[in-house]
J.: 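Sharing a structure below in structure tokens format, with a few things to ask.
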Amino acid sequence: MNVPTHRQPVLTDTPVCNLRSLRSVALTVPNPVASRDFYHEVWGLSTVEEDGDRFWLRATGTDHHVLDLQRGDSNALGRISFAVGSPREVDDAARALHRIGVPVLREPGMLDHAGGGYGLRLVDPEGRIVELSADTYAVPAQDPNGRRAIPRKIAHVVLNTVDIERTAAFYTQVLGMRISDWSERQMTFLRCNTDHHVIALNQAPWTALNHIAYEMPSIDHFMRGIGSLRSHGISPQWGPGRHGPGDNTFSYFTDPAGLVCEYTSEVEQIDEDAWLCRTWRRTPELSDQWGTAGPPTATVRAAMAGIPDLGARTLFEPNHSDYFIPIPELVDIS
């Protein structure tokens with residue numbers, strides 16, 4: 001695949017923050033009640049709070065919620081939320097973002113959603129809203145070792161990008177993420193802690209959400225989760241298998257909105273002093289080291305492609321004209 005090239009401005013020599021973890025993802029869907037019912041009753045999450053047709057769902061970990069569902073005209077990525085260490089780090093990040101010309105959608109302050117906390121929201125070069133937050137509401141961890149197949153956290157989010165090089169440069173230069181591996185130049189895997197990746201980027205014709213992966217506590221929970229979904233008449237659209245990059249197990253499904261959700265487990269852990277970034281060839285035996293998954297269905301391939309999502313880019317006149325990555329001509333934005 002020919003990857004588009006653009007001038008890549010060096011926005012900063014020093015990242016604006018130190019991301020600690022991936023907290024949550026917000027989605028807009030046409031029918032949030034149907035999506036809530038799926039994730040609460042079938043997938044294994046628990047509804048922690050609701051407000052009309054907006055729902056916050058948690059896993060077994062200590063984050064207040066991992067999924068925020070609300071109504072929208074079409075499927076879209078509402079927000080990706082990362083943890084930072086303190087409110088002061090949020091304030092420091094805001095000053096740095098303004099200095100280098102990154103659009104800030106919400107200035108530092110108390111956050112207005114159910115999880116509370118102090119944070120800000122910035123906009124990346126493809127219009128995605130990224131939240132940096134600290135001091136969110138505490139919830140007690142639930143037993144991750146019980147028999148029930150319940151996700152413990154969001155493992156990663158995969159984003160379709162029209163310019164993988166420039167988007168990767170933003171997330172590494174500005175947000176301080178590190179590249180763990182490449183899958184040729186089709187995908188790249190970024191980390192902010194010891195997990196092999198919490199964000200992955202996939203070169204694509206348009207910007208969209210590819211999928212969200214939920215981490216199960218063990219491979220047994222992973223398999224029991226697949227079994228539980230089968231008991232509800234839901235079969236994997238790809239998997240089970242074990243990926244090469246990240247060495248994690250995988251099994252992909254589609255939710256009622258047609259968005260792709262994944263069960264995963266045993267994500268590779270990174271030793272920062274020893275790890276060397278690698279480039280994986282895109283071969284069947286490296287995409288699935290077990291050789292058990294078979295090819296993805298046409299349904300899940302189409303769902304991973306998603307629909308064009310401009311996010312918040314239309315709300316801003318950026319401080320420098322080349323901040324936002326150009327929209328490919330083939331994308332209908334009407």
Side-chain angles (χ1 to χ4, degrees), residues 22-60 63-81 113-115 128-129 148-160 202 204 206-216 221-240 250-264 293 296-309 311:
L22 173 62
R23 282 197 198 277
S24 64
V25 177
L27 301 174
T28 63
V29 294
N31 187 346
V33 174
S35 294
R36 186 280 309 269
D37 290 348
F38 169 79
Y39 284 104
H40 180 97
E41 297 174 6
V42 179
W43 193 249
L45 303 181
S46 300
T47 304
V48 63
E49 291 197 45
E50 58 184 87
D51 182 9
D53 55 5
R54 185 173 182 182
F55 306 95
W56 292 266
L57 296 99
R58 66 165 297 185
T60 62
D63 285 315
H64 176 272
H65 64 274
V66 297
L67 184 61
D68 176 353
L69 296 169
Q70 52 191 301
R71 185 177 300 277
D73 292 335
S74 59
N75 292 340
L77 176 65
R79 182 177 66 254
I80 304 172
S81 182
H113 58 62
R128 302 179 194 90
I129 299 172
R148 286 190 61 204
I150 305 174
R152 71 184 191 92
K153 66 176 183 178
I154 287 185
H156 60 260
V157 181
V158 177
L159 306 170
N160 293 335
N202 177 60
W206 52 76
T207 300
L209 174 66
N210 185 287
H211 72 267
I212 302 172
Y214 298 79
E215 184 176 306
M216 306 300 269
H221 290 86
F222 167 79
M223 293 303 294
R224 284 200 295 271
I226 296 171
S228 175
L229 287 170
R230 286 188 184 277
S231 73
H232 286 86
I234 302 171
S235 297
Q237 305 247 6
W238 186 27
F250 68 87
S251 192
Y252 294 88
F253 304 84
T254 50
D255 72 9
L259 296 170
V260 180
C261 46
E262 175 192 0
Y263 279 155
T264 190
T297 66
T299 297
V300 82
R301 283 185 180 275
M304 285 179 170
I307 58 176
D309 185 355

J.: Which atom pairs, donor and acceptor, lie under 3.5 Å between side-chain atoms of residues 251-258 and protein residues at least two apart or in another chain?
T.:
residue	atom	partner	partner atom	Å
Tyr252	OH	His243	NE2	2.8
Thr254	OG1	Gln237	NE2	3.2
Asp255	OD1	Ala257	N	2.9
Asp255	OD1	Gly258	N	3.0
Asp255	OD1	Leu259	N	2.9
Asp255	OD2	Tyr39	OH	2.8

J.: When rounded to the nearest 0.5 angstrom, what distance separates CG in Leu67 from SG in Cys261?
T.: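 Atom-to-atom, Leu67:CG and Cys261:SG are 10.0 Å apart.
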J.: Locate the shortest heavy-atom distance separating Leu77 from Leu27; write the atom from each residue and the value.
T.: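 Looking at all heavy atoms of both residues, the shortest contact is CD1-CD2, 4.2 Å.
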J.: Hey, could you give me each pair passing salt bridge (charged side-chain N to carboxylate O under 4.0 Å, His left out) that has a residue in residues 29-40? Not counting sequence neighbours.
T.: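 Listed by first then second residue: Arg36-Glu50.
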J.: Got a sec, which residues hit salt bridge (Lys or Arg N to Asp or Glu O under 4.0 Å) with Arg301, two or more places apart in sequence or on another chain?
T.: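 With neighbours one apart ignored, the set is empty.
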J.: Considering only heavy atoms from C-beta outward, does the side chain of Ser46 approach that of Thr60 to under 4.5 Å?
T.: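 Side chain of Ser46 against side chain of Thr60, heavy atoms only: no contact under 4.5 Å found.
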J.: Out of curiosity, Ser24 OG to Ile212 CD1, how far, rounded to the nearest 0.5 Å?
T.: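 So the OG of Ser24 and the CD1 of Ile212 are separated by 10.0 Å.
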J.: Is there a donor in the side chain of Glu41 and an acceptor in the side chain of His232, or the other way round, less than 3.5 Å apart?
T.: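 The answer is no; no qualifying pair exists.
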J.: How long is the gap from CD on Glu215 to NZ on Lys153, to the nearest 0.5 Å?
T.: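 Spacing of CD (Glu215) from NZ (Lys153) equals 5.0 Å.
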J.: Hey, could you give me the CH2/OG1 distance between Trp56 and Thr47, rounded to the nearest 0.5 Å?
T.: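 Those atoms lie 11.0 Å apart.
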J.: Checking Arg152 against His221 for the side-chain contact (heavy atoms from CB on, under 4.5 Å) test, could you report, in this order, the C-alpha distance in whole Å, the side-chain angles of both residues, the deciding distance, and whether it holds?
T.: CA-CA 10 Å; Arg152 71 184 191 92; His221 290 86; over 6 Å; no
J.: Check Val260 against Ala303 and note the closest heavy-atom contact, atom names and distance.
T.: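 In this case the closest contact between Val260 and Ala303 is CG2-CB, 3.4 Å.
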J.: Using the rule given for side-chain contact (heavy atoms from CB on, under 4.5 Å), can you reason through Leu57 versus Trp43, listing the C-alpha separation, both sets of side-chain angles and the distance that settles it, and then say yes or no?
T.: CA-CA 11 Å; Leu57 296 99; Trp43 193 249; over 6 Å; no
J.: What closest approach, in Å, do Ala149 and Arg224 show between heavy atoms, and which atom pair accounts for it?
T.: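 Heavy atoms of Ala149 and Arg224 come nearest at CB-C, 3.8 Å.
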J.: Of the non-hydrogen atoms in Trp206 and Gly306, which two are nearest, and what is the gap between them?
T.: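 Taking every non-hydrogen atom into account, NE1-O, 3.3 Å.
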J.: With sequence neighbours left out, which residue pairs that include part of residues 63-76 fulfil the salt bridge (charged side-chain N to carboxylate O under 4.0 Å, His left out) condition?
T.: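 Only Arg23-Asp63, Asp53-Arg71, Arg54-Asp68, Asp68-Arg79 qualify under salt bridge (charged side-chain N to carboxylate O under 4.0 Å, His left out).
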J.: So, do Arg128 and Thr207 sit near enough that their side-chain heavy atoms are less than 4.5 Å apart?
T.: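 A side-chain contact exists here, since the closest heavy-atom pair is under 4.5 Å.
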J.: Measure the CZ-OG1 distance between Phe222 and Thr264 for me, rounded to the nearest 0.5 Å.
T.: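 Reported to 0.5 Å precision, the distance equals 6.5 Å.
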J.: Quick one: does Ser231's side chain have a donor or acceptor within less than 3.5 Å of a partner on Ser228's backbone?
T.: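 Present.
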J.: Kindly give the heavy-atom pair with the smallest separation between Ile150 and Gly44, and that separation in Å.
T.: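 Closest heavy-atom pair between Ile150 and Gly44: CG2-O, 3.1 Å.
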J.: Looking only at heavy atoms, which two atoms of Val42 and Tyr263 are closest? And how far apart?
T.: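 Residues Val42 and Tyr263, closest heavy atoms: O-OH, 4.2 Å.
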J.: According to salt bridge (Lys or Arg N to Asp or Glu O under 4.0 Å), who are the partners of Asp309, at least two apart in sequence or on a separate chain?
T.: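 None.
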J.: What pairs with Glu262 under salt bridge (Lys or Arg N to Asp or Glu O under 4.0 Å), at least two apart in sequence or on another chain?
T.: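 Salt bridge (Lys or Arg N to Asp or Glu O under 4.0 Å) check on Glu262 returns nothing, list empty.
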J.: At what distance, to the nearest 0.5 angstrom, does CG of Asn202 lie from CG of Leu159?
T.: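 Here the interatomic distance stands at 9.5 Å.
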